[in-house]
Amino acid sequence: MRDTSPTETDPLFRALDLGALQLPNRVLMAPLTRSRAAQPGDVPTELNARYYAQRASAGLIFTEATQVSPQGKGYAYTPGIHSAEQVAGWREVTEAVHANGGRIALQLWHVGRMSHVDFHGGEAPVAPSAIDAGAHIFLGGETGFAPTSTPRALSREEIPGVVDQYARGAELAKQAGFDGVEIHGANAYLIHQFLADGSNHRDDDYGGSVTKRIRFAVEVAEAVAAVWGPERVGMRLSPGLGSIGGVSESELLPTYGALVTELSRVGLAYLDIVEYFGAPAERPAEPGEVHRLIRERFDGAYLANGGFLADSARRAIDSGRADGVLFGSTFLANPDLPERFRRGAALNAPQRETFFGGDAKGYTDYPALSWAE
Ligand SMILES: Cc1cc2nc3c(=O)[nH]c(=O)nc-3n(C[C@H](O)[C@H](O)[C@H](O)COP(=O)(O)O)c2cc1C
């Protein structure tokens, strides 16, 4: 292993204590859906294990979003964490990453209304309220992309059972040998749908006021922390970035201020904040007001994501505004991203046409640097 002592001058290669995990560097792999799980059954494969093992030099790998239940599924070929076969498949992944000296956390996912009746035997997907996302999702096969189906509102009585789906996913992730879990609270999926007033019109104790809208997210965090211990759990949030899934949020500062105060009380190890979607060249140089508020109110680590490259990540860490940075499309295309950053080497360009679905092409065939270079 490289020198990661306190005398390390490159901020990207300073070691980081992330709750119970000791990370040798701060170049983290963002969760990336690749839609290559075996069918039927949404089971991780040996090819998936090879892909993750290639990226084991990340300070920490976050897996692709992984549905905690059949109800939580909204895209074709995404993996699950609710069956014995899936646990066995994931075990091969975690063993391969550990054999290469890496660490890996599973992203726990429930899509809520970002789904289609075809995934649910003709029944409507579930959401806080019966409001269509107005988005498109990937059905696979000959259909390809299709409009989302209008969801039905979860009944008050059903909600504890949905919270429990995350807890069971967390339990199975433990059995599969992960080092921790990340709760997907971002990108217009179920938790975000509860947080946002545009998608949550409930008038019971899960909607209306800020306190009620954050309740579902907090209960999921408590349930997952009860399984793993909070020091191995974090949550991904994307405040104000829900437009892809038709989620609109007013009261951004009160909502996220209250939420992260509660997540701090629960003791989560980190927050993974998607600050921006888009080209690195257009990324705002400074964090937004909501990001600064989250940093201030949350006691654990702040991990930043969205449009970062090596130097912008170094600045974010060096200034103290972030503890680590997640890289998405750059890590997808560069299995040895930390080493490339260390050497200032050129980067492979991501090939968008192979992002979702398919085989090894555009998945495990991105070249690593030759060690002789
Ligand atoms: C192909 C692809 C798949 C993605 N899948 C997920 C996912 O499963 N879960 C998630 O939270 N974000 C997902 N994202 C978002 C990324 O984690 C990240 O937030 C985004 O790419 C911005 O970071 P970047 O600019 O470093 O790429 C995905 C992004 C891409 C490009």
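Both counts, for ligands and for their atoms, begin at 1 and track the order of listing.
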Heteroatom distance test ([X], ligand 1): nitrogen or oxygen, under 3.5 angstrom:
X: G328; value: yes
X: Y276; value: no
X: F277; value: no
X: E64; value: no

List the atom of D197, the atom of S248, and the distance in Å for their closest heavy-atom pair.
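Minimum heavy-atom contact is OD1-O, 3.3 Å.
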**Asked** Do H184 and Y189 make the cut of ring centroids closer than 6.0 angstrom?
**Response**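 When the ring centroids of H184 and Y189 are compared, they turn out to be within the sub-6.0 Å range.
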Report yes if the distance between the aromatic ring centroids of W109 and Y75 is under 6.0 Å, otherwise no.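 Yes: the rings meet the under 6.0 Å criterion.
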Is it the case that R36 places NZ or CZ above or below the six-membered ring of Y363, under 6.0 angstrom from the centre and within 45 degrees of the axis?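 Flagged: R36 positioned over aromatic ring of Y363.
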| Is the cationic atom of R215 (NZ for Lys, CZ for Arg) positioned less than 6.0 Å from the six-membered ring centroid of F194 and within 45 degrees of its normal? |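 Output no; distance or angle outside limits.
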Note to self: Take a 6.0 Å sphere around CD of E123 and say whether it holds more than 12 heavy atoms from other residues, nucleotides or ligands.
What the structure shows: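 It does not: E123 CD has 12 such atoms or fewer within range.
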Give the residue and atom name of whichever protein heavy atom lies nearest to [atom], and the separation in Å to one decimal.
atom: atom 30 (C) of ligand 1; result: L32 CD2, 3.6 Å
atom: atom 27 (O) of ligand 1; result: S329 N, 2.9 Å
atom: atom 13 (C) of ligand 1; result: P31 O, 3.1 Å
atom: atom 18 (C) of ligand 1; result: N305 OD1, 3.2 Å

Output the list of atoms in ligand 1 that are nearer than 4.0 Å to some heavy atom of [X], sorted by atom number.
X: A30; answer: 17 (O)
X: N187; answer: 10 (C), 11 (O), 12 (N)
X: Q107; answer: 7 (C), 8 (O), 9 (N), 10 (C), 11 (O)
X: F327; answer: 26 (O)

Using heavy atoms and a threshold below 4.0 Å, how should the contact between [X] and ligand 1 be classified: side chain, backbone, both, or neither?
X: W109; answer: neither
X: F355; answer: side chain
X: T33; answer: both

Name the option, out of R34, M29, R236, that contains the heavy atom nearest to atom 10 (C) of ligand 1.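 It is R236 that holds the nearest heavy atom.
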Option with minimal heavy-atom separation from atom 25 (O) of ligand 1, where the choices are A304, G307, A333: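 Nearest heavy atom to atom 25 (O) of ligand 1 lies in G307.
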ask   = Name the one of L237, V224, V68 that satisfies side chain to side chain contact (heavy atoms under 4.5 Å, CB included) with I183?
value =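 Exactly one option meets the side chain to side chain contact (heavy atoms under 4.5 Å, CB included) with I183, and it is V224.
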With ring-ring contact (aromatic ring centres under 6.0 Å, His included) as the test, pick out the partner of F62 among F331, Y52, Y270.
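Of the listed options, the one satisfying the test is Y270.
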- Message: Checking F327 against F341 for the ring-ring contact (aromatic ring centres under 6.0 Å, His included) test, could you report, in this order, the C-alpha distance in whole Å, the side-chain angles of both residues, the deciding distance, and whether it holds?
- Response: CA-CA 12 Å; F327 298 88; F341 282 169; 5.1 Å; yes
Do D179 and H98 have side-chain N/O donor and acceptor atoms under 3.5 Å apart?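 The answer is yes; a qualifying pair exists.
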Given R50 and E46, is the salt bridge (Lys or Arg N to Asp or Glu O under 4.0 Å) satisfied, shown in steps?
CA-CA 6 Å; R50 196 175 325 147; E46 193 269 327; 3.0 Å; yes
